[in-house]
Every structure is written in C-alpha cells, then in structure tokens.
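Take a look at the structure below.
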Protein chains: 4
Amino acid sequence: MTGANILPEERLRRRIHIHDPTMRNALSELFGTALLVLNTWIQINLGWGLAIAFCVYSCSKTSGGHFNPAVSLAMLTLGKLSTKDCAIYCVVQTVGAFIGAMGSFGIYYDQLVNFAGNDRTIEGPHATAGSFCSFPAPHLSNLTCFFDQIAGTGLLVFFVCVVIDKRNGIPNAAHPLLFGLVVMMIGTCMGMNLGYPINPARDLGPRIFTLFIYGSEVFTYHNCYFWIPIFAPVVGAVLAAWTYHLFIGAHIPDDNKVHILDDPKVPLNKI
Amino acid sequence: MTGANILPEERLRRRIHIHDPTMRNALSELFGTALLVLNTWIQINLGWGLAIAFCVYSCSKTSGGHFNPAVSLAMLTLGKLSTKDCAIYCVVQTVGAFIGAMGSFGIYYDQLVNFAGNDRTIEGPHATAGSFCSFPAPHLSNLTCFFDQIAGTGLLVFFVCVVIDKRNGIPNAAHPLLFGLVVMMIGTCMGMNLGYPINPARDLGPRIFTLFIYGSEVFTYHNCYFWIPIFAPVVGAVLAAWTYHLFIGAHIPDDNKVHILDDPKVPLNKI
Amino acid sequence: MTGANILPEERLRRRIHIHDPTMRNALSELFGTALLVLNTWIQINLGWGLAIAFCVYSCSKTSGGHFNPAVSLAMLTLGKLSTKDCAIYCVVQTVGAFIGAMGSFGIYYDQLVNFAGNDRTIEGPHATAGSFCSFPAPHLSNLTCFFDQIAGTGLLVFFVCVVIDKRNGIPNAAHPLLFGLVVMMIGTCMGMNLGYPINPARDLGPRIFTLFIYGSEVFTYHNCYFWIPIFAPVVGAVLAAWTYHLFIGAHIPDDNKVHILDDPKVPLNKI
Amino acid sequence: MTGANILPEERLRRRIHIHDPTMRNALSELFGTALLVLNTWIQINLGWGLAIAFCVYSCSKTSGGHFNPAVSLAMLTLGKLSTKDCAIYCVVQTVGAFIGAMGSFGIYYDQLVNFAGNDRTIEGPHATAGSFCSFPAPHLSNLTCFFDQIAGTGLLVFFVCVVIDKRNGIPNAAHPLLFGLVVMMIGTCMGMNLGYPINPARDLGPRIFTLFIYGSEVFTYHNCYFWIPIFAPVVGAVLAAWTYHLFIGAHIPDDNKVHILDDPKVPLNKI
C-alpha cells in the first residue's frame with residue numbers, strides 16, 4: 001500500500017493518532033460509556049446486551065471497553081490495569097454516562113412530555129426518573145438491594161474473567177459478543193429486583209444528570225439508596241474475579257495434549 | 001475439477017458472469033434491497049435484523065451489501081466507493097425497495113383487505129400505510145424526527161465502521177451477522193420514536209409505491225415529513241463514520257505483539 | 001489410539017458402520033426429520049429455528065440434513081444430488097415427519113385432552129389439528145397460499161444457496177446455525193399467512209397422521225388446500241436456487257487477492 | 001514471561017493449583033451447578049440457556065461442565081467418565097444445586113414475601129414452590145411426566161453427543177454456546193408439560209431445600225412425583241446417547257477429502 005493510494009481514514013489516523021495509551025484509552029472509555037447510555041434509554045434485555053457487545057467491539061483494541069468502574073477495579077486487583085489508569089477510567093466512565101443520559105433526554109424529550117406532561121417524578125403513574133437510573137420499589141429493603149447488586153455484578157465479572165482467561169481458549173473476536181450475552185443473561189435471570197444497574201458509572205452519571213431535572217430526591221430517595229449501586233458492584237466485582245481464579249481458573253490443567261486431540265482440524269486418521 | 005464433471009451452477013456462471021464490477025454490484029444492490037423489503041412487510045426487530053444479515057451475506061462478495069444510500073454515501077467519504085458507483089447504488093437501492101414493497105403488497109393483499117376492507121389510510125384504526133414506510137405519530141415534532149434519524153443511522157454506521165475496520169480483527173464471515181445484530185439493537189433500543197427507517201431507500205422506495213395506493217398524502221403528511229428519512233440518515237451516517245475514526249479508529253495501536261499474546265492457538269508454555 | 005484403549009462408541013461404529021452412502025444418508029434424513037417434527041409440536045419461531053439448526057448439525061456429515069423434499073429437489077437441479085437419492089430422501093423425509101407427529105401426539109396427549117376434551121376439530125375454539133400441519137384461515141384464498149408458499153420456501157432455499165456457496169466463505173461449522181436463523185427469520189417476517197410450512201414432508205407426513213384422528217377433512221378442508229404446501233414449496237425452491245446463481249452467485253469475482261487483504265490473520269504492516 | 005512480571009492470578013494459581021483431576025473437576029461441578037441454580041430462580045428460556053452456556057464455559061477446561069447427573073451417567077456409558085468420577089459428580093451436582101437454591105432464596109426473599117406473604121404453598125394463587133423445582137399440573141399423569149422427562153433429557157443428550165462428536169467438526173470454543181442453545185430450544189419446544197427440569201440434580205437439590213420451607217409435601221405431591229425427574233432423565237440420557245451413535249454417529253464416513261474440498265481457506269482456483 002503506497003502513500004499515493006492511501007484511504008482517507010488512514011490519512012486522518014496518521015495526523016491525529018494519540019500515542020499516549022492512557023489518553024487514548026480514556027477517550028475510548030468516555031466515548032464508549034456515553035454511547036452505551038445514549039443507546040439504552042429504554043432498558044430492554046436484548047437491546048442492552050447487544051449495545052454492550054457493540055460498544056465493547058468499538059473499544060476492544062484501545063481501552064478494552066470496560067465502561068464500568070466495578071470491572072476496572074476488578075482488573076486493577078488482577079494486575080491488568082494500573083492504579084492511575086483505573087482512576088482515570090472511573091472518572092471518564094461516569095462523565096460518559098452523564099453525557100449519554102443528556103443525549104437520550106434530548107432525543108426522547110417529546111416522548112417524555114407526551115407521557116408525563118410537566119410531571120417529573122420518581123414514583124407514581126407519571127414516573128419517568130427510572131429511565132435514567134435505578135430506583136428500588138418501596139417493598140425492597142436496602143440490604144436486599146446491596147446483595148442483589150453484589151450478586152448481579154459478581155455474575156458479570158465472574159463470566160468476564162471466564163471469557164478473557166486465555167486458558168479457556170475462546171477466540172478474541174467472540175469476547176465482546178459473549179460479554180453482551182452475559183449481560184442479557186443477568187438481565188433475564190436476575191433483573192427482577194432492581195433492573196440490574198450493576199455498574200456504578202451507568203447509575204451515578206445519569207443520576208447526577210437527573211439532579212437538574214428531578215431535584216435532590218434522586219439522591220435521598222429510599223434512605224439514600226444511591227450509594228448502593230456505587231459500592232455494592234465494586235464489592236461484587238472484586239469478590240467474583242478472585243472467586244473464579246480461586247475455584248476454577250487456578251485449577252485448569254496445563255496439558256496441551258487435550259487441545260491437539262480435540263482440534264477439529266487434525267485429520268481423524270492421525271489420532 | 002475437470003470440465004466434464006462440472007456442476008450446473010458452474011456452467012451457468014461461465015456463461016453469464018458479468019465482468020464489469022459496477023454492473024454486477026448494482027445488480028446485487030437492486031436484488032438485495034428488493035429482497036430485504038419484500039422480507040419485512042412486518043417490521044419485527046428479530047426478523048428484520050436477521051433479514052439484514054442474510055441479505056448482506058448474499059451480496060457480501062459482490063457489492064458488499066449496503067442496501068442503504070446513507071451507508072453508501074458514508075463509504076464514499078471514506079474513499080471506499082467511487083462517486084459513480086455511489087450514485088448508481090443509491091438509485092438501484094431505491095428501485096429495489098420499490099419492487100420489494102410491490103411484492104409484499106401482493107403476498108399480503110388478502111390480509112390487508114381482511115384487516116382494513118377498502119380503507120387505505122395513514123391514520124386511524126384501519127391505518128395500513130405504516131407497513132410500507134414511516135409515518136411519525138402526531139405528537140412528534142419534525143425536529144425530533146430529524147435528530148432521531150441522525151442518531152439511529154449514526155449508530156448503524158458507527159458500528160458498521162467498527163466491524164469492517166480490519167484493526168478490530170473481526171472475521172469477515174461474521175460481518176453480515178453482526179450488521180444484523182446492530183440493526184436489531186437499534187430497533188430494540190431506539191425504535192420508540194419512528195420505528196427506525198434509518199435508510200433513505202427503504203423509506204422512499206416504498207413511499208413512492210404507496211403514492212399509487214394512498215394518494216399524495218404520503219408525501220404531504222406531517223408537514224412534508226417524507227424528506228427527513230431521506231436527508232437525516234445521510235447526515236447521521238457521514239458524521240458517525242468520521243466520529244468513529246476520529247475518536248477511536250485512528251488511535252488503535254499498531255503493535256501486533258498483543259495479537260500474538262492473545263492468540264489462543266499459541267501453546268501456553270510458549271508465552 | 002490403540003485398539004486396546006478404544007471408546008465404546010468407536011467399537012459400535014466398527015461393528016455397524018453402513019458403507020452404502022445412500023443407505024446411511026436415508027437413515028439420517030428419516031431420523032432427522034422425525035426428530036425435527038417431534039421437536040416442534042408447538043411452532044414457536046425461536047425454538048423451531050434452533051430445532052432446524054441442531055437437527056442439521058446431527059446429520060451434517062452424513063446426508064447433509066435436508067429434511068425437506070423442496071430442498072432436496074432444488075439440490076437435484078443443482079447437480080448436488082442424484083435422482084435416485086432425491087427420490088429416497090423425499091420418501092423417508094415424509095415417513096420421518098409422520099413418525100415425529102406420532103411421537104408428539106403421544107407426549108402431549110394429556111395436554112390435548114385437557115384443552116379439547118373429546119373434540120378433534122380443525123376449526124373452532126377447540127381446534128387442535130393446526131398443531132400437526134397447516135390449515136389456512138378462511139379469509140385466505142388458495143392462490144394467496146400458493147404464492148405465500150413459493151415466497152417462503154423460495155427465501156429459505158435462496159439463503160441456503162448463499163450459505164453453502166463456497167465463494168461466500170462461510171465456515172462449514174456455522175452452516176447449520178445459519179440455516180436455523182434463516183428459518184427463524186422467515187417465521188418472524190413471513191409467518192403471518194400460514195405459519196410457514198415451507199416443507200412438503202413436514203406438512204404431508206403429519207397430515208397423513210391426522211387422517212386417523214380428524215378424518216378425511218384434513219385433506220378436503222379449504223378446497224383441498226393440502227396439495228399447496230406440497231407443490232408450491234418445490235416450485236419456490238427450484239426458482240430460488242437458480243435465482244441466486246443467476247443474479248448473484250454467478251457474478252462473484254474470482255480474485256483471491258481480496259481474501260488475503262481482508263484476512264485478519266495477516267499482520268497489518270504486511271499490507 | 002519472567003517470574004518478576006507475573007500476574008496476581010498466576011501467583012495464586014501456582015500456590016493453590018489442585019493436581020488431582022477428580023478433586024478439581026468435582027470442585028468445578030459443585031461450583032458450576034450452584035452458580036447455575038442461583039442464576040435461574042426465574043426459569044426464562046433465553047436466560048436459562050445463556051446461563052447454561054456461560055456456566056459450561058467456566059468449567060469447560062476442568063470438569064467439562066456437566067452439571068447434570070443424567071449427562072454424567074450417559075458419559076459413563078460412553079466410556080468418557082470413570083465410575084468413581086461419575087458418582088462424585090452426581091453427589092456434588094446435587095449439593096451444588098442445593099446451595100444455589102439457598103442463594104436464590106436469600107436474594108429474592110423480599111420479593112417472595114411481597115408476593116406470597118407468609119404463605120408457602122405448592123398450589124394455589126400464592127404458590128411459590130414451583131420456582132425451586134418442578135411440580136406437575138394436576139391434569140398431567142405421572143406416566144406422561146415420565147415420558148416427557150425421557151424425551152426432554154433425551155433431546156438434550158442427543159444434541160450434546162452431536163456437538164462433542166469430533167467427526168462433526170464443530171470448534172470447541174462454540175460447544176458451550178451450542179449447549180445453551182440446545183437447552184433454549186428444548187425449553188421453547190418442549191417446556192409445555194413440566195417446565196423441563198431434565199436434570200436430576202437441578203430438581204432434587206432445590207427440592208431438598210424446599211423440604212425445610214414447604215414441608216414434606218414437596219416429596220409426596222402428585223403421587224410422589226419427585227422420583228420421576230430423578231430417574232426418567234437418566235433413562236432418556238443413556239438411550240439418546242446410544243441412539244445418536246447407533247443411527248447417525250457410527251455412519252459418518254471417514255473421508256477427509258470432503259473436508260478439504262469444503263474448507264473455505266483453500267484458494268478456489270486450487271479445487
């Protein structure tokens with residue numbers, strides 16, 4: 001490929017390529033998280049799962065596509081992310097989620113007015129705040145919410161660790177799709193309690209945005225519930241990552257003989 | 001493989017193979033878009049996404065399977081399609097969508113009469129025009145529709161660029177399926193406003209067909225809404241294509257070491 | 001692998017392996033079609049598509065898993081099946097579908113009695129015959145049914161030809177899954193008229209079984225509708241197979257340069 | 001990779017790696033089955049299928065991820081599992097399912113109280129026992145249940161044998177996902193009778209747990225139905241495994257020429 005025959009996108013790349021990995025990864029996390037939240041005003045399992053998958057595809061070769069401080073913190077404990085990068089990721093993820101919520105608000109403003117008129121409420125027949133971030137039903141205790149978030153985020157991170165463990169032999173190109181399917185699974189199996197925020201940035205970023213629309217009740221509601229989807233996912237994520245390695249990952253045998261015998265490319269009469 | 005033992009399909013190919021790439025690709029776009037629209041009288045997310053996937057599979061080695069002038073125009077700006085080819089694609093895509101709408105009308109004529117009798121209306125309890133192309137609900141402003149179409153088509157083209165960027169390492173055979181999943185995702189996440197036309201040909205072609213059935217109101221309805229799903233998708237597509245390269249694509253590092261380390265085929269004791 | 005250490009399934013194989021390809025393929029088609037029909041008493045799109053996929057996986061290395069006389073006849077015209085094999089396939093597919101219907105009847109007999117008591121009717125509130133084979137609604141003309149079956153089976157065979165055309169580069173291991181997704185797509189997009197039988201064996205086999213339960217009305221109903229899902233699918237299948245090769249397949253260029261450039265395994269700095 | 005630069009998860013692995021294969025596999029089966037049941041308080045087909053897929057992914061390189069005594073017993077008859085390992089698997093799978101049921105109970109306790117108050121019943125408007133294990137509707141005879149379980153588990157094991165048969169050439173990394181899709185298919189196609197337990201451990205483990213909540217009626221209900229989802233799945237599994245090999249597997253031809261001709265990697269002008 002000579003310079004004369006170069007594609008416009010290549011020309012752009014040579015001009016603007018960011019050489020600092022932290023910078024370019026932070027940009028990816030910011031952009032990806034905004035896209036993700038923009039993409040999911042309506043939390044439908046199938047769509048949300050696919051949104052995760054494609055947002056991760058888009059950032060898979062830069063930041064890796066965490067979009068979730070709980071995942072980033074788990075990766076920090078696994079030694080796959082530096083402390084500095086982890087801190088930056090957490091901030092830009094939250095900012096990205098804020099921007100995404102703002103974008104969704106703009107696109108669906110007419111629908112919101114049509115549905116709720118001038119009402120901007122968290123509860124009641126015209127409640128709309130739940131489209132931005134999670135608000136538990138009154139009959140759920142905050143303790144249940146805490147364990148629900150631990151379990152939900154734990155499942156997510158557990159299976160993320162399964163997928164990225166090279167010993168499990170799952171091709172890289174399939175990882176983002178499998179992450180999306182994991183989220184779909186958690187949504188279908190465990191979404192009953194809270195609609196599975198399982199992501200501190202995805203819950204806090206839009207919640208800060210709703211502060212300007214619904215007032216401070218978004219933080220005080222349900223005995224200051226807001227901190228639960230911030231801290232519980234982190235606890236669940238770190239526990240789950242190490243649970244995987246403690247109970248399964250560390251015990252995967254190293255014999256590659258298995259792989260060769262199972263390889264469908266090996267002619268059968270050679271076995 | 002000797003000539004004596006040749007398959008009938010191979011014999012056909014040698015006789016009729018079109019050697020002009022523009023011609024054969026235009027034929028593919030015409031055929032594929034017709035098939036796509038024929039295939040989707042009823043816009044159901046899952047089915048529509050799969051229809052996209054398989055129509056793209058069928059044209060993946062000829063035209064590539066755009067079926068969408070907004071996609072073709074974005075590819076033009078990325079230098080992946082000549083101006084002449086782009087113009088031809090846009091025309092045959094619209095003609096193809098017109099033919100597909102005609103075919104659907106024929107197949108479902110009995111159902112239509114059964115449902116609506118002699119009524120051919122855009123609004124009201126016997127409305128059927130919405131099966132052909134998009135008609136916004138009265139409470140949506142045309143400005144909202146414009147941004148909705150920019151966002152919807154933008155998401156489509158953004159993820160198309162992610163998938164086809166060779167640096168993201170997604171196998172070619174998976175591309176059409178992923179395109180279908182992207183459309184499914186947009187349908188589930190963003191279809192609330194307009195039922196996501198996000199394709200000028202898919203909206204205009206059938207709309208021209210409905211002119212003969214429902215009269216000129218299909219163009220004048222909702223303050224001449226019809227031009228929005230023609231222009232807004234193009235704006236969204238071009239913006240999104242360059243947004244991807246500007247914010248993410250251009251910053252993907254070039255180190256192939258990553259790939260080798262991650263390759264599950266490499267024996268683990270060699271790392 | 002020495003003889004001493006041989007798996008039980010290998011020992012069985014050496015004892016019973018059928019060396020006549022026609023025989024073993026006929027066995028596969030019989031078994032697979034029975035399994036398919038047994039598997040789909042309730043025609044739900046997702047489940048039916050997956051049932052197709054897995055039944056084809058099970059026979060992919062013997063007969064190929066047609067399970068459908070229309071597909072077999074299309075393959076005959078494409079020179080991929082001998083006349084004798086095609087005739088045998090059609091017979092065993094119909095017998096297999098008969099056996100599958102019988103099995104479903106047994107498994108769901110309690111449910112049927114619970115729902116319909118002693119009524120065994122094609123129409124009305126206690127109608128159950130539609131679980132076995134297709135019965136069009138009264139408002140559909142037989143002409144519409146005919147074209148509906150041509151379109152439905154045509155789409156099926158068209159995309160089957162896309163998938164199996166080696167020039168499209170779709171890995172063999174993905175074929176059965178893609179066939180299943182095609183059927184799912186046809187079900188979601190086109191099932192409105194008839195519930196998409198699109199398979200002469202799948203409709204006729206169970207219909208013969210219902211003859212013993214519901215009487216001869218299963219054949220005389222709706223102006224002898226029964227012959228439409230037998231002949232129309234064959235017409236649609238043959239038309240579609242050649243349509244694919246005429247409009248698209250024959251025009252796929254032969255340059256392998258494309259493949260090498262697109263191969264994600266090629267290091268990027270080598271392009 | 002030098003020792004200095006080692007990841008925390010690697011350091012853990014070197015310290016705790018279990019060298020006895022039986023031990024580490026039993027741990028995987030225990031952990032995986034618990035996770036599976038925890039994951040599926042609400043039995044929704046899509047979610048349940050994905051839960052199977054990801055739980056199998058997590059144990060695919062240790063025990064293989066049976067999570068089902070019927071599958072383990074079928075593998076025993078196929079010579080792929082020793083009698084000792086099979087016995088251990090069956091016990092830990094049941095214990096794992098018990099633990100999973102306990103976890104689900106904890107996470108969803110508030111919802112349960114909200115729905116049913118102090119009622120803990122198997123039948124009636126406040127029935128909740130069916131969330132733990134299967135309880136047939138009164139109109140189903142135990143004989144029907146028995147054959148339903150044979151058919152359901154038979155289909156599962158039949159397709160598991162299809163997928164793992166190396167002669168069918170399905171890549172290993174796709175196996176767990178295909179197992180999940182099989183379960184989804186069985187759920188959509190055959191779940192009408194019993195909600196498809198098709199797994200002795202998944203039914204018995206939670207049933208023992210419900211003994212402490214609902215009393216002994218969970219075992220005496222419906223003429224001591226409880227033993228049917230224990231024995232029928234085993235019968236179905238063994239029958240199905242050998243049915244596959246008898247009717248299809250044993251007859252797959254050995255010619256690798258087919259594979260080479262079909263390999264999409266072979267340049268087309270070489271054929």
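In the text below, chain A, chain B and the rest are named by the order of the sequence lines, each starting its count at 1.
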At what distance, to the nearest 0.5 angstrom, does CG of B/Leu143 lie from OH of A/Tyr109? 13.0 Å

If you measure from CZ on B/Phe158 to SG on A/Cys55, what distance do you get to the nearest 0.5 Å? 7.5 Å

Closest heavy-atom pair and its distance - A/Ala173, B/Pro171: CB-CD, 3.5 Å

Run the side chain to side chain donor-acceptor pair (under 3.5 Å) test against B/Asn223 and tell me which residues pass, sequence neighbours left out. none

How long is the straight-line distance from OH of A/Tyr57 back to CD1 of B/Ile248, given to the nearest 0.5 Å? 15.0 Å

Scanning both residues in full, the closest heavy-atom pair of A/Thr62 with B/His251 reads CG2-O, 4.0 Å

Please classify the contact of B/Leu246 with chain A as side chain, backbone, both or neither, using a heavy-atom distance under 4.5 Å. both

Working to the nearest 0.5 angstrom, can you tell me the gap between B/Ile252 CD1 and A/Lys61 NZ? 8.5 Å

Take atom CZ in B/Phe226; do more than 12 heavy atoms of anything else shown fall under 6.0 Å from it? yes

Donor-acceptor contacts under 3.5 Å from residues 174-182 of chain B side chains, at least two apart:
| unit_1 | atom_1 | unit_2 | atom_2 | d |
| --- | --- | --- | --- | --- |
| B/His175 | NE2 | B/Val163 | O | 3.3 |
| B/His175 | NE2 | B/Ile170 | O | 2.9 |

Going from CG on B/Asn168 to CG on A/Asn172, what distance comes out if it is rounded to the nearest 0.5 angstrom? 11.5 Å

